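Okay, structure first, notes after.
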Amino acid sequence: MTDHPNLTAALVAFQLELPDVSKGSTNPAFKSKYADLADVTKAVFPVLAKHGLAFTTAPDDTEHGIVLRYSLRHVSGESIDGVWPLPDGAKAQELGSWITYGRRYCLSAVTGITPDEDDDGNKATGAARSQRPKPGEKIPDAIKAIEGATTPEKLDEIEDYAKRIGIDGVAPVKAALAAKRAELGTATTDQWATAGVPA
């Protein structure tokens with residue numbers, strides 16, 4: 001382990017040798033590559049440790065709802081701490097997906113790594129909207145991916161992606177998800193009702 005007097009010095013040294021984070025996962029609905037949490041931690045954790053840094057996360061139920069607390073810690077005792085809000089009312093499996101998503105983005109943000117394509121803030125500002133398909137244009141691809149899912153876990157990945165792009169509440173997508181959950185034996189009566197499909 002390299003000896004750095006404080007967190008800032010350690011983070012500077014870490015950023016001088018930012019690891020290459022490969023995009024080893026494929027988004028099932030749109031076949032795009034991305035770096036999942038395992039890809040990010042496999043590349044980043046050894047280099048963090050080399051510089052006396054560690055990253056931790058823990059969900060916490062606060063008076064304002066459930067949050068994911070994160071901390072980048074240095075052996076000197078200094079840390080950078082923050083919270084990532086988690087959705088209220090999420091079921092356990094959904095919450096697990098949100099925690100994984102939050103861990104990946106918090107780790108990337110607090111260390112400065114960029115495993116995904118950097119769009120120079122266009123997605124956040126909406127400047128690139130005219131160049132990208134609208135979420136509604138992705139519904140046919142999402143339904144095709146849902147219909148092709150062979151495991152509940154794969155279906156959960158597709159549903160999480162549909163939520164992120166805002167099409168999970170569209171009737172055809174909801175119905176396709178409910179039908180596939182029933183086929184895979186994971187649907188509940190509540191999911192059928194929510195999708196508007198008679199049980």
Side-chain angles (χ1 to χ4, degrees), residues 1-60 66-87 90-124 141-142 145-146 148-165 168:
M1 179 171 66
T2 307
D3 190 24
H4 301 291
N6 56 44
L7 188 145
T8 301
L11 191 54
V12 166
F14 168 82
Q15 290 179 347
L16 282 173
E17 58 178 290
L18 282 176
D20 178 35
V21 180
S22 63
K23 298 177 182 180
S25 296
T26 302
N27 179 298
F30 305 105
K31 311 294 188 267
S32 58
K33 292 292 233 177
Y34 71 98
D36 68 8
L37 181 61
D39 293 329
V40 175
T41 57
K42 182 179 178 181
V44 172
F45 278 11
V47 184
L48 284 176
K50 174 182 173 183
H51 295 288
L53 296 164
F55 179 75
T56 63
T57 60
D60 187 16
I66 299 174
V67 299
L68 180 66
R69 295 193 183 280
Y70 65 89
S71 182
L72 180 67
R73 299 170 182 254
H74 183 250
V75 293
S76 67
E78 295 178 328
S79 65
I80 299 172
D81 305 305
V83 296
W84 174 275
L86 296 169
K91 295 180 179 148
Q93 196 167 17
E94 292 171 341
L95 189 58
S97 293
W98 278 104
I99 289 170
T100 299
Y101 187 78
R103 288 176 63 201
R104 179 167 59 109
Y105 276 89
C106 292
L107 176 58
S108 297
V110 78
T111 60
I113 62 169
T114 54
D116 294 322
E117 185 177 317
D118 184 355
D119 72 351
D120 200 29
N122 285 327
K123 288 182 184 173
D141 290 335
I146 291 166
T150 57
T151 65
E153 294 77 19
K154 185 59 74 178
L155 190 60
D156 290 340
E157 287 178 26
I158 297 166
E159 185 174 17
D160 288 342
Y161 186 78
K163 285 178 185 175
R164 286 196 301 271
I165 65 169
D168 61 308

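Worth saying up front: this structure is predicted, and the values here are computed from it rather than measured.
Shortest non-hydrogen contact noted between V44 and I113 is CG2-CD1, 3.4 Å. For the pair D39 and D36, the tightest heavy-atom approach, listed with the atom from each and the gap, is N-OD1, 2.8 Å. Across every non-hydrogen atom of P85 and V67, the tightest pair is CA-CG1, 4.2 Å. Summarising the geometry of L68 relative to L86, their closest heavy-atom pair is N-CD1, 3.9 Å, with the distance given to 0.1 Å. Nearest approach of A90 to L95, heavy atoms of both residues: CB-N, 4.1 Å. Taking all atoms of both residues into account, the shortest heavy-atom contact from L72 to L7 is O-CD1, 3.5 Å.
Under the side chain to side chain donor-acceptor pair (under 3.5 Å) criterion, the residue pairs touching residues 3-15 are H4-H51, with sequence neighbours excluded.
With sequence neighbours excluded, the residues that form a side chain to side chain contact (heavy atoms under 4.5 Å, CB included) with S76 are H74, E78. With sequence neighbours excluded, the residues forming a salt bridge (charged side-chain N to carboxylate O under 4.0 Å, His left out) with K50 are E17, listed by chain and number. Legend: residues meeting salt bridge (charged side-chain N to carboxylate O under 4.0 Å, His left out) with E153, ordered by chain and number and at least two apart, are absent. Listed by chain and number, the residues in a salt bridge (charged side-chain N to carboxylate O under 4.0 Å, His left out) with E94 are K163 (sequence neighbours excluded). S79 is linked by a side chain to side chain contact (heavy atoms under 4.5 Å, CB included) to S71, R73, D81, counting only residues two or more places apart in sequence or in another chain.
Using a 4.5 Å cut-off on side-chain heavy atoms (C-beta onward), F55 and T111 make no contact. In this structure, L107 and L48 have side chains that are in contact, with non-hydrogen atoms separated by less than 4.5 Å.
Taken from CZ in R103 to OG1 in T56, the straight-line distance is 10.0 Å, to the nearest 0.5 Å.
Between Y101 and W98, the ring planes lie perpendicular to each other; the angle is over 60°, past the 30° to 60° tilted range.
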